[in-house]
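Some notes on the structure that comes next.
Computed from heavy atoms alone, side chains included, the values below leave out hydrogens, waters and symmetry copies. Predicted, not measured: the structure shown is a model, and the values here were computed from it. Naming convention: chains lettered A, B, ... in sequence-line order (proteins, then strands); numbering from 1 in each chain.
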Amino acid sequence: MSENLNSTWTADEMMTIAAARTLKDGNTCFVGIGIPSTAAILAKSMQAPNLFLIYESGTVNTNPQKLPLSIGDGELANHALTVVSMPEIFNYWLQSGRIDVGFLGAAQIDKFANINTTFIGQTYDSPKVRLPGAGGATEIAASCKEVAIIIRQTTRTFVKQVDFITSMGFGEGPGSRAKNRLRGGGPSRVITDLGILEPDPETLELTMTYLHPGVDIDQAIENTGWELKVSPNLKTTKAPEQSELEKVRALVSTSDK
Amino acid sequence: MSENLNSTWTADEMMTIAAARTLKDGNTCFVGIGIPSTAAILAKSMQAPNLFLIYESGTVNTNPQKLPLSIGDGELANHALTVVSMPEIFNYWLQSGRIDVGFLGAAQIDKFANINTTFIGQTYDSPKVRLPGAGGATEIAASCKEVAIIIRQTTRTFVKQVDFITSMGFGEGPGSRAKNRLRGGGPSRVITDLGILEPDPETLELTMTYLHPGVDIDQAIENTGWELKVSPNLKTTKAPEQSELEKVRALVSTSDK
Amino acid sequence: MVSKFLELPQAIESYVKSGDLIAMEGFTHLIPFAAGHEIIRQKVKDLTAVRLTPDLIYDQMIGAGCIKKLIFSWGGNPGVGSLHRFRDAYQNGWPNKIEIEEHTHAGLTNRYVAGASGIGFAVLKGYSGSDLGEHTKNVSEVKSPFSDEVLTAVAAINPDVTILHAQQADKAGNVMMWGITGVAKEAVFAASKVIVTVEEVVEKFSPKFSSMIIPSNLIDAISVVPNGAWPSYASDFYERDNNQYIAWDEISKEREIFSKWLDDEIYSKSTAGKK
Amino acid sequence: MVSKFLELPQAIESYVKSGDLIAMEGFTHLIPFAAGHEIIRQKVKDLTAVRLTPDLIYDQMIGAGCIKKLIFSWGGNPGVGSLHRFRDAYQNGWPNKIEIEEHTHAGLTNRYVAGASGIGFAVLKGYSGSDLGEHTKNVSEVKSPFSDEVLTAVAAINPDVTILHAQQADKAGNVMMWGITGVAKEAVFAASKVIVTVEEVVEKFSPKFSSMIIPSNLIDAISVVPNGAWPSYASDFYERDNNQYIAWDEISKEREIFSKWLDDEIYSKSTAGKK
C-alpha cells in the first residue's frame, strides 16, 4: 500500500472516501466484503444515509454500527430490516436487475474491468496462488445496473490479462456483455488508492479520470500493467474533508480485528 | 346424498369416518378442502393424532380445532406449526415427492380414477357448468405417494368418461402415469357414501372392495356410470363406533357455516 | 411519514391504468377488497387480472366491467360455490366478454416465481396428465441438458401493478405481513409497481411467527385502510366474514341485484374498508 | 422427547457413511463445527462435501482426510485469508488429493433449490461471462420454449445427508433457527437424511424476526450440543470467535502444527462444543 507522505491521510483512507462519495442516497447497493463494505457503510454516514445495503448472506437494508469482519457477520443481521434466504437474495433481488450498484473488490483487473478472484498462475488445475473464487461476484457483476470496483493499483493487480475471468466487466470490449447476455450495465468506475478510472464511452477501456491529491500521473502509469489511457480532462479528487476522515477512522476503529 | 334408513348415522358420516380410518398415524397428508379436510381432521382425533396435515395455502402441520370453511382459513394458520409460502408448498413439499397421501374431492371420476373439477358439458369454451378448476389438485394427484379420493357415488359423479381430466388418476390404465411422468403412485382408494373402491392391481380399474353397512351391491352398481367391477372378496365396512360418530358430529358442529 | 403514503383513491389513480396487467393477491387471507372497490369506483377498464383464486374481489370487478381477461387457477367462492359474475361474463358476455387463461396453483405460482426472478420461465413438474395443458397458454416443456428428464416450463408473469393488503406499515414505509402470505412476495418482486393497503402504521415492528417484511423500496404507494381486506380476514385484526361470502351467492346470482349492490355499496360510498 | 434426539456420536454414526455426499451448511452463522469434529473423530472417509463456503469446518475435515471431493462457491477463511489445508490437499495431495467442483453462490444456491424441488435442474442467469463455466460440471444451458432467451441450467444437488446447527428444538423434534439462514431450508429439503445440532431444547418456540421452523418430519436426528457452532456464531447465544478464525491461519499453515491440533483438540476430546 502506498502512503501519501504529503498528506494527513493514508491512500487507503482516500480510496475508501472516494468510493463512498460515489454512492447515491436512496440507491440499493449490493456489497462485497472488505473495503467495498467499509466504503458503503461510510457512505451512509456521509451523503447517503438512506443507502440500501444488501449483502449476499441475506441481510437486507442493514445499518451496521461497526465494520463486519465477514459477509455473514452477526452485526449485519442484527441491524438489518430483514434477513432473507440466499435463493431470495440471488434470484429475486440480484438476478431480477433491481440493484442499482454492485460494489466489488478484486485480486486482478484488466483494462476492460474484467475481474479475477479465482487464482493467480498459469492453469486452473495447478494455480500458483489459489484465491477464494466467485462467491456472489460473478452475478453481481452481471446483474447490477452498474458496478463499482475498489482495488489498490499496482502492476500485480492492474494486469494486461487477468489469469482467469471470474466476473466479467466489458469482456473484450463493446458487444461482449450483450453477447454474454449480461443484464446490467457493467463497471461504471474503478476506485484505487491512486485515483479513479472510468470506461471510455466508446471503447469501454478503463481511462484514468481522477488522480487523488498528491498522486501524479506517472505514478498511475507505472502502477498499471497495460498502457494506461488517461482522460484529456484528468481531474484531481477533492481532498478528504476532516469530517470524512473522522468518520472513516471511527468506522475502521470499530473493526474487531 | 343417500340416507341410510337402517342406521343411526348418515351416509356422509359413514363416508367421512371410513375415509378418516384410512389415514396412518405419522403420515404426511396434503388435504383438499371439504370432506377430505373433515376426514383428515377427524383422523387426528382417532387413530392418527400425529397425522401431519398440509394445505396448499401454506399451513404446515396444522391442528385445527374447528372445521375450516376454506383452504386458507385463519383456523388453519393459527394452529399450524408454521406457515410457508406457496412456492415452498408446491415446489419443496409437494413436487419433491415427500407427501405420503393426497386427499382430494372431485365432481366427476371415471373408472381409472381420473378426476374432473373443471367443467361439466361438451366443450371447455362453452361449458354447461363451470367448476372452480384445478387449484392444487393436478399436482397433488401427480406427486403424492398415494392419493385418496372422497366423492359421493351417483351416476352424475361416477361417469363412463369425465368431461375433462383435471387431475390424472391412472389415465387409460397401466403405463399412463409413467408416460405422463407422474412421480406419485396414484389413487389407492376412492371412498364414497356407499363403500370403498380400490384399483385392481393389474388393470388398475377401480373395483368395489367394501360396502358400507346397509348398502347392497346393486345400489353401488346402479349409482355407477360404468360397468362396475366388484371384488370377489367384497367386504363390509366396519360400522361407525359410537365414539367415531361423536367425534365427527362434534367436528361438523364447529363449522361456521 | 415518507411521501409514498397516499390516500387510496390517489394511490389507485396514480398507479393503476386501464389496460394494465394487474395482480391482486392474498390467499383467502388479506385480500385487498378496498383497493378492488376503489378500482371499480374509478371505472378502470380492460384489465388483464391475474390471481390464483379470483374470489369475490375479481367477481365484483368482473361484474363491474373492469376486467377483459382473467388469469387464474381456482375460480370459486371458497366454501360456498360458484362465482356467478365470472360465469355470466365468461358464458354470456355480461357486462363484457372475458377471456380466460387457466392454470394449476403450482403452475401459476411458478409463473410468479419466474417473474420475480427476472427470467422468462420457470421449470416444474406440473400439468402432466391433465387436459388443462391443451387449453392454457404459457405452458410448455423443456428437456434437461443433463439427462432425459423433461420438465414443464411456465412463462414468467410480470404484472404492471401488484396490489396487496397487509397488517402493518412502519413510518419508513416498510410493510409487515404474517399468517398465510401465499404468493405475496413473488407478486411484489414480479411487478413494476406495488400498492399496499395496511391496517395500521406502527412505530416499530415486533416479531411474529411466519412473518414477512416487504422493504419500502419495493413499494410505490401505501394506503392506510383499516378493514381493507374485509370480508376476507387479517390475522390478529379480524376474522373472515363468512356471512358475506354466503350472502354474495345471492347478491351475485342476478344481474339486477348485483347492479343494485354495485350502486349502493360501491359507487355511492367512498373508499375505506367496512365499519 | 421423541426418539430422534440422539447423542451426537450416535447421530453421526447412524446417518453419515464414508463415501456419502454430505452438505454442512450455515453461512458464517450456525456452522455445525461440533458435528464436523465428530465426523473427523469417527474417521469417516471419501466424502463428497458440498458447502457454499468451505470455511474452517471443511478445511479441518480436509486436513483430517475425510473429504475426497469439494463442491463449493467461495473457499476462503472469511475476513482472514486462505484455507491452507484445502490448498495443501488440492495443490499437493496432502493428506489425500481432492477433486474440486467450483460454482458461483447463485449457481450452487440454485443447485440446492432444484434438489429441494425434486427436479433435475434449475434455471437462472448465471456464470455468464465467467471462465468458471469451462471448468465446472453440472452447469449447462437451456433455451426458452417461449422466446429466444437462453438461460443457464444447473443440475440439482441431493445430499445423502445434510447437517445443520440451529438455535432451538422443541420436545416434538421441530427446530427453529433465526438470523442468517442462507440455504439451510434448501439443504434440508434436498437431502435424504438430516441431522441438526441445537443449542437448547425449549418447551415452546417464541416468535423471532427472520426465523424459520424445520418440521420434525424432515429431520432424522437432533443432538443437543451447546456451543455446537463455535467458533462461528449462534445469533442470540454467542458471537463469532474471530480470534479463533485468525488463529486458524497459523494452526493450519503447517502440517505438523495442524496434526498436533487434530490430536489435541479433536481426537483426544469427546464431542460437544467448546467451553
Worksheet item: Nearest 0.5 Å, what's the OG-NZ distance between S128(D) and K179(A)?
Response: 12.0 Å
Practice prompt. Before accepting this row, confirm whether a basic side-chain N of the pair R181(A)/E141(D) lies closer than 4.0 Å to the acidic partner's carboxylate O.
Written response: yes
Worksheet item: Any chance CG of D148(D) has more than 12 other-residue heavy atoms, nucleotides or ligands included, within less than 6.0 Å?
Response: no
Item to complete: Determine the option with the most heavy-atom pairs under 4.5 angstrom with chain A, choosing from G75(D), G76(D), S82(D).
Response: G75(D)
Discussion item. Just checking R156(A): does its CZ atom have more than 12 heavy atoms from other residues, nucleotides or ligands closer to it than 6.0 angstrom?
Written reply: no
Practice prompt. Would you mind checking which part of K185(D) comes under 4.5 Å of any heavy atom in chain A, side chain (CB onward), backbone (N, CA, C, O), both or neither?
Written response: neither
Worksheet, complete the sentence: When every non-hydrogen atom of T28(D) is compared with those of D73(A), the smallest separation belongs to CG2-N, 4.3 Å
Worksheet entry | Qualifying side-chain hydrogen bond (donor to acceptor under 3.5 Å, both in side chains) pairs with a residue from residues 54-63 of chain D, counting only residues at least two apart or across chains | H37(D)-Q60(D), D55(D)-Y245(D), D59(D)-W248(D)
Worksheet item: Counting only heavy atoms not in K143(D), do more than 12 fall under 6.0 Å of its NZ?
Response: yes
Worksheet item: How long is the gap from CD on E239(D) to CG on N78(A), to the nearest 0.5 Å?
Response: 8.0 Å
Practice prompt. Could you have a look at T53(D), V150(D), V113(D), L124(D) and say which one has the most heavy-atom pairs with chain A under 4.5 angstrom?
Written response: V150(D)
Worksheet entry | Interatomic spacing from NE2 in H103(D) to OG1 in T138(A) - rounded to 0.5 Å | 12.0 Å
Worksheet entry | Nearest-0.5 Å distance, CG of residue L132(D) to OG of residue S167(A) | 9.0 Å
Discussion item. Is it the case that the side chains of Y124(A) and E134(D) hold a donor-acceptor pair, with the cut-off being a distance below 3.5 Å and no angle test?
Written reply: no
Practice prompt. Supply the atom-to-atom distance E186(D) CD to S85(A) OG, rounded to the nearest 0.5 angstrom.
Written response: 5.5 Å
Worksheet item: Are the side chain of Q95(A) and the backbone N or O of K125(D) linked by a donor-acceptor pair below 3.5 Å?
Response: yes
Discussion item. Please classify the contact of T104(D) with chain A as side chain, backbone, both or neither, using a heavy-atom distance under 4.5 Å.
Written reply: both
Worksheet item: With a 4.5 angstrom heavy-atom cut-off, which part of S126(A) approaches chain D: side chain, backbone, both or neither?
Response: neither
Discussion item. Are M86(A) and T181(D) packed together at the side-chain level, in the sense that at least one heavy-atom pair is separated by less than 4.5 angstrom?
Written reply: no
Fill in: Side chain / backbone / both / neither for L52(D) at chain A, heavy atoms under 4.5 Å
side chain
Fill in: chain A contact via F209(D) - which portion, at a heavy-atom distance below 4.5 Å
neither
Worksheet item: For chain D, which residues from residues 105-122 of chain A lie under 4.5 Å away (heavy-atom distances)?
Response: T118(A)
Worksheet item: For the candidates A77(A), S57(A), G34(A), which exhibits the highest count of non-hydrogen atom pairs separated by less than 4.5 Å from chain D?
Response: S57(A)
Item to complete: Take atom CD of E202(A) as the centre, draw a 6.0 Å sphere, and report whether it contains more than 12 heavy atoms from other residues, nucleotides or ligands.
Response: no
Practice prompt. Under 4.5 Å, counting heavy-atom pairs only, tell me which of T82(A), T59(A), N91(A) racks up the most with chain D.
Written response: N91(A)
Item to complete: Would you please classify the geometry between the H135(D) ring and the F164(A) ring as parallel, tilted or perpendicular, with 30° and 60° separating the classes?
Response: tilted
Item to complete: Output the option from R183(A), M168(A), E139(A), E75(A) having the highest count of non-hydrogen pairs under 4.5 Å with chain D.
Response: E139(A)
Worksheet entry | Toward chain D, the part of P127(A) with a non-hydrogen atom under 4.5 Å | both
Worksheet entry | Segment of Y112(D) engaging chain A (4.5 angstrom heavy-atom cut-off) | neither
Practice prompt. Name the region of L108(D), side chain, backbone, both or neither, that has any atom closer than 4.5 Å to a heavy atom of chain A.
Written response: neither
Worksheet entry | Shortest non-hydrogen contact between G133(A) and W74(D), atoms and distance | O-CD1, 4.0 Å
Practice prompt. Counting only heavy atoms closer than 4.5 Å, note whether I33(A) contacts chain D via side chain, backbone, both or neither.
Written response: neither
Worksheet item: Near E200(D) CD, under 6.0 Å, is it more than 12 heavy atoms from other residues, nucleotides or ligands?
Response: yes
Worksheet item: Relative to chain D, which of G136(A), G74(A), A142(A), P87(A) shows the most heavy atom pairs under 4.5 Å?
Response: P87(A)
Worksheet, complete the sentence: CG of D125(A) to CD1 of I100(D), rounded to nearest 0.5 Å, is 7.5 Å
